[in-house]
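Here is the structure we will look at.
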Amino acid sequence: MRFMHKRLADTYTFIEGPPAHKGFLLKSLLYRGQKLWLMTSHFESCKANSVERMRQLRVVMKKMSKAPDDVTVLFGGDTNLRDYEVATVGIPSNVCDLWEQLGEPEKCRYTWDTVANTNKEIPFKCHFRFDRVYLRRATQDGIPQLDPDNMALIGLEKLRCGLFTSDHWGIYCTFSVKQK
């Protein structure tokens, strides 16, 4: 982290969270009276680790599904998931994929794109939707509902050094709160 601070502190604000818990970060907060669980993780990379990635997805979906009824849960991270892996595991009915919920906007489909992002020298060109955001709304009566309004990819501009911030694009989402 010190290395990043030295190189990027004049351009970026760093916000450090608590240490990871069982492979993912879970942070509880209260926002305008709404209880939120914010979760993130970095799932195993590379095609050969499919079984482990699916296990990791099951753990996250179980945690999201079993959250208390008065809590909204938002998970976002570099899942490295392939679509067939998500289809194999399945997403619980009370959890939604924000990209799908927003009508599968083509401009946000590929978060790892070796054609547009030149940070990694890879002998083949490909693109995947490795980074995903999942939402489990609170179900208790009287609890406001968090609804996604928009999604955009960020980090599409090169830094002064000529590289992108990451080999992945980031996901920026906006939400509205509706009284149930």
Task: Atom pair CD1 (I154) and CD1 (I171), whose distance is rounded to the nearest 0.5 Å - done: 9.0 Å
Task: pair V89-E85: side-chain heavy atoms closer than 4.5 Å - done: no
Task: Reported CZ-to-OG1 distance for the pair F128 and T114, which is rounded to 0.5 angstrom - done: 9.0 Å
Open item on the list: Please verify the inter-ring angle class for W112 with H168; under 30° counts as parallel, over 60° as perpendicular, anything in between as tilted.
Closed with: tilted
Task: Heavy-atom side-chain contact between I91 and D97 under 4.5 Å - done: no
- [ ] Determine, using the 4.5 Å side-chain heavy-atom cutoff (strictly less than), whether Y84 and Y134 are members of one ILVMFWY cluster.
- [x] no
TODO: Say whether, by atom type as modelled, one donor and one acceptor occur between the side chain of N49 and the main chain of S45 under 3.5 angstrom.
DONE: yes
Open item on the list: Are L74 and L36 connected into the same hydrophobic cluster when the rule is that any two of I, L, V, M, F, W, Y join if their side-chain heavy atoms are below 4.5 Å apart?
Closed with: yes
- [ ] Go through W169 and C108 one step at a time and tell me if the side chain to side chain contact (heavy atoms under 4.5 Å, CB included) criterion holds.
- [x] CA-CA 9 Å; W169 306 134; C108 299; over 6 Å; no
Task: D141 side, atom CG; D70 side, atom CG - distance, nearest 0.5 Å - done: 12.0 Å
TODO: Kindly give the heavy-atom pair with the smallest separation between S65 and V95, and that separation in Å.
DONE: OG-CG2, 4.1 Å
TODO: Could you pull out the closest heavy-atom pair between K158 and G162, with the gap in Å?
DONE: CD-O, 3.2 Å
- [ ] Taking the side chain as every heavy atom from C-beta outward, state whether C96 and R137 have any pair of such atoms under 4.5 Å apart.
- [x] yes
TODO: Answer with yes or no whether the side chains of T72 and Q34 bring together a donor and an acceptor at under 3.5 Å.
DONE: yes
- [ ] Would you sort out whether L146 and L135 count as a side chain to side chain contact (heavy atoms under 4.5 Å, CB included), showing the intermediate values?
- [x] CA-CA 9 Å; L146 196 64; L135 171 68; 4.1 Å; yes
Open item on the list: For a quick test of reading the model, state the closest non-hydrogen atom pair linking Q145 to A138 and the distance between them.
Closed with: NE2-O, 2.7 Å
Open item on the list: Going by side chain to side chain donor-acceptor pair (under 3.5 Å), T111 matches just one of D78, D131, T79. Which one?
Closed with: D131
Task: Shared hydrophobic cluster, L102 / V177 (ILVMFWY, side-chain heavy atoms < 4.5 Å) - done: yes
Open item on the list: Could you see if F43 belongs to whatever hydrophobic cluster contains M39? Use Ile, Leu, Val, Met, Phe, Trp, Tyr and a side-chain cutoff under 4.5 Å.
Closed with: yes
Open item on the list: Are E44 and R55 packed together at the side-chain level, in the sense that at least one heavy-atom pair is separated by less than 4.5 angstrom?
Closed with: no
Task: From M64, R58, Q56, residue fulfilling side-chain contact (heavy atoms from CB on, under 4.5 Å) relative to V60 - done: M64
Task: Close side-chain approach of K35 and I143, heavy atoms under 4.5 Å - done: no
Open item on the list: With a 3.5 Å distance limit and no angle check, can you tell me whether N117 reaches the backbone of S166 through a side-chain donor-acceptor pair?
Closed with: yes
- [ ] Flag the pair M151 / L98 as yes when at least one side-chain heavy-atom distance between them is below 4.5 Å, and no otherwise.
- [x] yes
TODO: Just do the side chain to side chain contact (heavy atoms under 4.5 Å, CB included) check on E157 and F164 with the steps written out, would you?
DONE: CA-CA 6 Å; E157 308 82 25; F164 294 99; 5.8 Å; no
- [ ] Provide the closest heavy-atom pair for P68 versus R136 in the form atom of the first, atom of the second, distance.
- [x] O-NH2, 2.9 Å
Open item on the list: Would a single hydrophobic cluster contain both Y110 and L156, if residues Ile, Leu, Val, Met, Phe, Trp and Tyr are joined by side-chain heavy-atom contacts under 4.5 Å?
Closed with: no
- [ ] Calculate, to the nearest 0.5 Å, the distance between atoms CZ and CG belonging to F175 and N150 respectively.
- [x] 10.5 Å
Task: Minimum-distance pair of heavy atoms, taken over all atoms of V133 and C173 - done: CG2-SG, 4.3 Å
Task: Neighbour count above 12 (heavy atom, 6.0 Å) for K62 NZ - done: no
Open item on the list: Is it true that D149 and T174 share a donor-acceptor pair across their side chains at a distance under 3.5 Å?
Closed with: no
TODO: Measure the CG-CZ distance between N80 and R53 for me, rounded to the nearest 0.5 Å.
DONE: 6.0 Å
Open item on the list: Is the shortest side-chain heavy-atom distance between K63 and W37 below 4.5 Å?
Closed with: yes
Open item on the list: So, taking the atom named NZ in K120 and the one named CG in L163, what distance separates them when rounded to the nearest 0.5 Å?
Closed with: 11.5 Å
- [ ] Taking all non-hydrogen atoms of both residues into account, name the closest pair between V73 and A67 and its distance.
- [x] CG2-CB, 3.5 Å
- [ ] Side-chain contact test, heavy atoms from C-beta onward, threshold under 4.5 Å: evaluate it for V86 versus R132 and give yes or no.
- [x] yes
